[in-house]
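We count ligands from 1, going down the list as the structure has it; atoms in each ligand are counted the same way.
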Amino acid sequence: MEPNQEQEVISMPRIGDKAPEFKAVTTQGEMNFPADYKGSWVILFSHPADFTPVCTSEFMTFATLEKKFNEAGCQLVGLSIDGLYSHIAWLRTIKEKIEYKGMKDVEVTFPLIEDITMNVAKKYGMVMPGESSTKAVRAVFVIDPKGIIRTIIYYPLSLGRNFDELYRVVLALKTADEFNIATPADWRPGDDVIISPAGSCGSAKDRMDGKEEGLECKDWFFCTKKLDKDTVMKKILTK
Ligand code: BEZ
């Protein structure tokens, strides 16, 4: 069916796509995305609205962890379908009035995009009709230094994100790139990593015969190796 005026086409980027480009106004000035972030990892994340409790808890948590993400070579960029003055007022309120779980006087220094026109939210498929037609769900896009989308996670409006998991995602993606490995369930730096499955019957046999040094094979298709935490962190931390 051809789209008509009532049926608006909302694009949904996918893992491996180039991050859709946009220019926007933010709480830290104008932004040309992803060009301004070339050479850095970025987490672009949306939230439903300013002055809402779950979002406030998320912003305080993310702002508190920003240095840790930056040290892993990752910048943070937020977005909601609100105007710049609302953003500014909300961030001032957070700093001046809100105390939560030991966090207080929290200054949000990463940019928060004004998206009252929904230009960016539509490009990134951040609005889900099942949740709301005017509020962005809690979308997370992890974008690599070449501007490629590497991870997408969506949460509904009612569910605050787990920021330890987002940090783990950044570390795991960078480790997979640096060491040409994959990371198993619940992987954390220092845990064993997974090597590519055997690509031939000969290699499968060699692995099962223990001829490939340093591997521990549960079966021919499932082999792990040690990768110590210091080696990982030295490669992926920028500071
Ligand atoms: C919140 O961030 O608290 C929230 C936003 C939209 C709907 C429900 C909760």
I'd like to know if [X] pairs up with [Y] as an ion pair, taking the criterion as any Lys NZ or Arg NE/NH1/NH2 lying under 4.0 Å from an Asp or Glu carboxylate oxygen.
X    : Y    : value
K135 : E131 : no
K225 : D192 : no
E66  : K68  : no

### For ligand 1, the portion of E131 having any non-hydrogen atom under 4.0 Å away
neither
### Task
Examine the proximity of ligand 1 to P48 and report which part, side chain or backbone, both or neither, has a heavy atom under 4.0 Å away.
side chain
### Query
In terms of atom number and element, which parts of ligand 1 are under 4.0 angstrom from non-hydrogen atoms of C55?
1 (C), 2 (O)
### Message
Do V137 and I116 sit in one hydrophobic cluster, given that two such residues count as connected whenever their side-chain heavy atoms are within less than 4.5 Å of each other, even indirectly?
### Response
no
#### Entry: Candidate with minimal heavy-atom separation from atom 3 (O) of ligand 1, of L157, V137, V54, T56
V54
### Message
Out of the candidates T26, D115, T27, D50, only one should pair with H87 under the side-chain hydrogen bond (donor to acceptor under 3.5 Å, both in side chains) rule; please name it.
### Response
D50
### Task
Report yes or no: does a heavy atom of A49 sit under 4.0 Å from some atom of ligand 1?
no
### Nearest non-hydrogen partners of M208 and W220, listed with the distance
SD-N, 3.3 Å
### Query
Does S158 reach ligand 1 with a nitrogen or oxygen that is under 3.5 Å from one of the ligand's nitrogen or oxygen atoms?
no
### Query
Got an N/O contact under 3.5 Å between K135 and ligand 1?
no
### Query
Please state which protein non-hydrogen atom is closest to atom 4 (C) of ligand 1 and give its distance, to 0.1 Å?
R138 NH2, 3.6 Å
